[in-house]
Q: 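Questions regarding the structure given below will be posed in turn.
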Amino acid sequence: MSAVVGWPEHEAARYRAAGYWLGETFGELLAARAAEHADRVAVVGGDARWTYRELDERAHSLAAGFADLGLRAGERVVVQLPNVPEFLEVVFALFRLGAVPVFALPAHRETELRHVIAESAAAAVVSTDAHEGFAAAETVARIAAPTVGHHVVVPLGEGELPPGAVPLDRLRAPARELPGPSAGDLAFLQLSGGTTGLPKLIPRTHDDYLYSVRASAEICRLSTDTVYLVALPAAHNFPMSSPGYLGVLHAGGRVVLCPSPEAKTALRLVERERVTFTGVVPPLAALWANAAPGAGFDLSSLEVVQVGGARCAPELARRIGPALGCRVQQVFGMAEGLVNYTRLDDPDDVVENTQGRPISADDEIRVVDAEDNDVPPGEVGALLTRGPYTIRGYYDATRPEVAAHNATAFTADGFYRTGDLVRRTPGGDLVVSGRVKDQINRGGEKVAVEEVENHLIAHPAVLDAAVVAMPDRFLGERSCAYVVPVDTAAPPTAAALRAFVRGRGVAAVTVPDRIEVVAEFPVTGVGKTSKRDLRAAVAARVREEAR
Ligand code: OOB
C-alpha cells in the first residue's frame, strides 16, 4: 500500500486514451499560457496587477528559492494564505518544484493547523504574519511539529516575524531549470469540506485535476475575456477549479482576488474590474442579492454567478439572477472529485430546482439504498461515484487509521461514498436532498430538514434558514429552526413563522418545534452554514433552560 491510492492501471489507461489525462503538469500549463498571453493581465489583487509573464517568472524564481531552502519534490507544505496574489505565486512555485501544497483555509486556527501539519507530516509551512486578527506566524512557530523544517511568511504588515521564519521576498532566487514532477504525481492535498469533524486529506494529481479544470472551463464557456472574481477562499476547491481561477488561467482570462466576500467589497470590485464570472456559497448569494439593488454599483459586466458548496433553496436560486442581473449556475461538487453543473443554456426550471449533472461522460453515478442496491429511477438514495477525477482513497493510506477509514468511505470497487442524499431527474440532473444522516428523528417520526428550510425561506421576511435537531427528553429529538431575517431591525416573530409554515398545508412534524431568529449563522472556513455549531448552541440552550 502506498500513501496515495491510485486508479487501477486499466482505468488509468482508459482515461488517458479518452483524452482526459493529457500528461500536463500545472507548471507546464502556466508556462504555455505565459508564452501565449505574455502581456495580458493574469492576476489582480491588492495593489498588484501581474501579467501572465510576470506570474510565470515569479513562480520560477520562487521555485528556485524553495529548492535553495532545502525543500524537495514530494515534500508536503501547508499553505495558509488569504486571497492575496502571493497565494498563486507560492502555489505555482511549489507545483513547479513538485513539492505538495496542503491547502489550509484562512479561517483555520490552531486545532485545524495542528491537525493538517500532523496528518500531512509537513516539511514546511507558508503562512501570513497575521490575518483576520489571527497571529498565524506566532501560532505556526509554536505548534510546528518536529517534521516542519521551514516556515515561510508572507508579511501582510499585521504581525511579528518569529525567529527562524523566512519572509517570502528573501526566498526569491534566479530562475533555473528544476527536474519537476510528472503529471501522474501527487500535485496537492485538498481538505475535505465536511461541516462536522476535522478535515481529511484528499490527494489530487496534476493529470486528474487538470482534466476537471479544462472540462469545467469549457462547460462554463470561459475565454480570454473572462474576468473571474475569487470571492471564496482561494484554498477551497470551488473557486480553485470549478472552473475557478485555474480554469480562468487555463482559458487565458483574468483572475481578480477579493479580500473579503462581504457584499460591498465584492460588488465594488465587480464594478471596478468589470467582473464577468464568480462563484459563491448560498448564504453569500443571499447577502449579495439583498445588498445589490440598493448599493448603486454597476454590475452590468456580470454574466454568470455560480452558487454551490451547500444546498441552494429554489426560492434563492430564483432571486439571484434578477437581483444581480446575471445568469445563475448551480454547482454541486466535492474536493474528493465529482463536480456537477447546471449548464448555461439549461431552462430556468433545471437551474432553479436541480444541482446539475456531472462534468464527464465517464463520471459513474449510483444512487443506492442502505444495502448499496440501486434505488428505482427518480427515488432518493445515497450518492456513490467513481470517475476520472474522483479519488480512490484519502491520504496517507499507509497509516492504519486512514486505511480503516478508506475501507468504509469507498466501496470495494472504488466508488466514493459521498454521504449526500440525491435523486436523479428524468433529464439526468441531480437534486441534493440532504446528508445521509441529516434528518431529525422526532420520536420515530422523521423530519426532512431541507423541506422545513424550504418552507421558511419562502417567507418574504426570511433571508436564510437552517434546521437542526435539538435534544428532547420525551422524543429524543425535536426540530429547531435558526432563521436570519431579511431586515434585522424588523424580524418576523416565531409565532408568525410557525403560522406561515402551517398555512402551507404541511404535516405537523414539519412545523419547527422551536424558532430562533439570529443576525447571522456560524460558518465553516469556506462560509457554509455550520450545522455543527448550531446544534451545539441549541443543545446548550436546552440544557440551560432545563436547570
Ligand atoms: C464543495 O466541496 P467540499 O469538499 O467543501 O464539500 C463537499 C460537500 C458535498 O458532499 C455536499 O455535501 C456539499 O458539500 N455540497 C452541496 C453542494 N455543493 C457541495 N450540497 C448541496 N448542493 C450543492 N450545490 O463544496 C465544492 C467543491 C467543488 C465545487 C463546488 C463545491
Side-chain angles (χ1 to χ4, degrees), residues 3 25-28 30-31 43 48 50 54-82 84-104 106 108 113-114 116-131 135-182 185-189 201 203 206 234-235 395-396:
T25 65
F26 288 101
E28 288 161 353
L30 181 59
V43 185
W50 297 339
E54 284 172 298
L55 176 61
D56 188 52
E57 285 175 357
R58 281 172 171 269
H60 267 295
S61 154
L62 206 52
F66 277 123
D68 292 344
L69 197 62
L71 205 64
R72 286 186 304 275
E75 289 187 317
R76 276 80 54 209
V77 181
V78 171
V79 177
Q80 189 196 35
L81 293 176
V84 292
E86 288 84 354
F87 182 100
L88 287 170
E89 183 185 10
V90 164
V91 163
F92 272 102
L94 295 172
F95 286 155
R96 194 151 262 157
L97 183 61
V100 176
V102 185
F103 292 119
H108 285 160
L113 289 176
R114 258 186 210 285
V116 295
I117 288 171
E119 291 290 301
S120 65
V125 177
V126 180
S127 78
T128 62
D129 44 358
H131 61 268
E138 183 268 318
T139 305
V140 169
R142 187 157 45 76
I143 67 176
T147 55
V148 180
H150 316 286
H151 182 190
V152 175
V153 173
V154 176
L156 301 179
E158 292 180 23
E160 299 284 305
L161 240 63
V166 183
L168 189 74
D169 278 332
R170 196 148 9 103
L171 221 57
R172 287 182 231 281
R176 63 173 187 269
E177 272 311 306
L178 294 162
S182 309
D185 290 345
L186 175 60
F188 59 82
L189 293 167
L201 301 183
H206 296 261
Y395 185 90
D396 159 355

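Please read these numbers as outputs of a predicted model, since none were measured by experiment.
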Q: Strictly below 4.0 Å, N to O, side chains only: are R58 and E54 in salt-bridge contact?
A: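 No salt bridge links R58 with E54.
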Q: Is there a side-chain contact between D185 and V100 (heavy atoms, below 4.5 Å)?
A: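 They are not in side-chain contact.
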Q: Can any side-chain N or O of T25 pair as donor or acceptor with the backbone N or O of S182 at less than 3.5 Å?
A: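 Answer holds: no.
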Q: Evaluate the side-chain contact (heavy atoms from CB on, under 4.5 Å) criterion for residues V90 and V152: first the C-alpha distance (whole Å), next the side-chain angles of each, then the deciding distance (0.1 Å), finally the verdict.
A: CA-CA 10 Å; V90 164; V152 175; over 6 Å; no
Q: Which class fits the ring pair F26 and F188: parallel under 30°, tilted 30 to 60°, perpendicular over 60°?
A: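 Plane angle between 30° and 60°, so tilted.
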Q: Taking side chain to side chain donor-acceptor pair (under 3.5 Å) as the definition, give me every residue that meets it alongside R114, ordered by chain and number, with sequence neighbours left out.
A: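 E110.
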Q: Would you call D56 and R96 a side-chain contact if the rule is heavy atoms closer than 4.5 Å?
A: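 Counting from C-beta outward, D56 and R96 do come under 4.5 Å.
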Q: Give the minimum heavy-atom separation between P203 and L189, together with the two atoms involved.
A: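 Nearest heavy atoms, P203 then L189: CA-CD2, 3.6 Å.
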Q: Any sub-3.5 Å donor-acceptor pair from H108's side-chain atoms to L113's backbone N or O?
A: no
Q: Would you call V140 and V153 a side-chain contact if the rule is heavy atoms closer than 4.5 Å?
A: no
Q: Return each pair, listed once, that meets salt bridge (Lys or Arg N to Asp or Glu O under 4.0 Å) where at least one residue sits in residues 62-72; pairs must be two or more places apart or across chains.
A: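 Salt bridge (Lys or Arg N to Asp or Glu O under 4.0 Å) check on residues 62-72 returns D68-R176, R72-E75.
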Q: I need the L171 CG to L62 CG distance, nearest 0.5 Å.
A: 5.5 Å
Q: Determine the minimum heavy-atom distance between Q80 and P106, stating which atoms define it.
A: NE2-O, 3.3 Å
Q: Between T128 and L81, does a side-chain contact (heavy atoms from CB on, under 4.5 Å) hold up when you go through it step by step?
A: CA-CA 6 Å; T128 62; L81 293 176; 3.9 Å; yes
Q: Which heavy atom of H150 sits nearest to which heavy atom of G70, and what is that distance?
A: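 Of all heavy-atom pairs spanning H150 and G70, the closest is NE2-C, 4.3 Å.
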Q: Compare every heavy atom of G159 with every heavy atom of D129, then report the nearest pair and how far apart it is.
A: OD2-N, 3.2 Å
Q: For A99 and V77, which heavy atoms make the closest approach, and how far apart are they?
A: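 Of all heavy-atom pairs spanning A99 and V77, the closest is CB-CG2, 4.3 Å.
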Q: Minimum heavy-atom separation for A67 and L178, please, with both atom names.
A: CB-CD2, 4.1 Å
Q: Got a donor-acceptor contact below 3.5 angstrom from the H131 side chain to the P82 backbone?
A: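 No; zero donor-acceptor contacts below 3.5 Å.
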Q: Run the salt bridge (Lys or Arg N to Asp or Glu O under 4.0 Å) test against R76 and tell me which residues pass, sequence neighbours left out.
A: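 For R76, no residue satisfies salt bridge (Lys or Arg N to Asp or Glu O under 4.0 Å) once neighbours in sequence are set aside.
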Q: Walk me through it: do S127 and V154 pass the test side-chain contact (heavy atoms from CB on, under 4.5 Å)?
A: CA-CA 6 Å; S127 78; V154 176; over 6 Å; no
Q: Mark yes or no for whether S61, through its side chain, and E57, through its backbone, hold a donor-acceptor pair below 3.5 Å.
A: no
Q: Take F95 and L30 through the side-chain contact (heavy atoms from CB on, under 4.5 Å) test and state the conclusion after the steps.
A: CA-CA 10 Å; F95 286 155; L30 181 59; over 6 Å; no
Q: Could you check whether the rings of F103 and F87 sit parallel, tilted or perpendicular, using 30° and 60° as the cut-offs?
A: parallel
Q: Output the distance between atom CG (L97) and atom NE2 (H60), rounded to the nearest 0.5 Å.
A: 12.0 Å
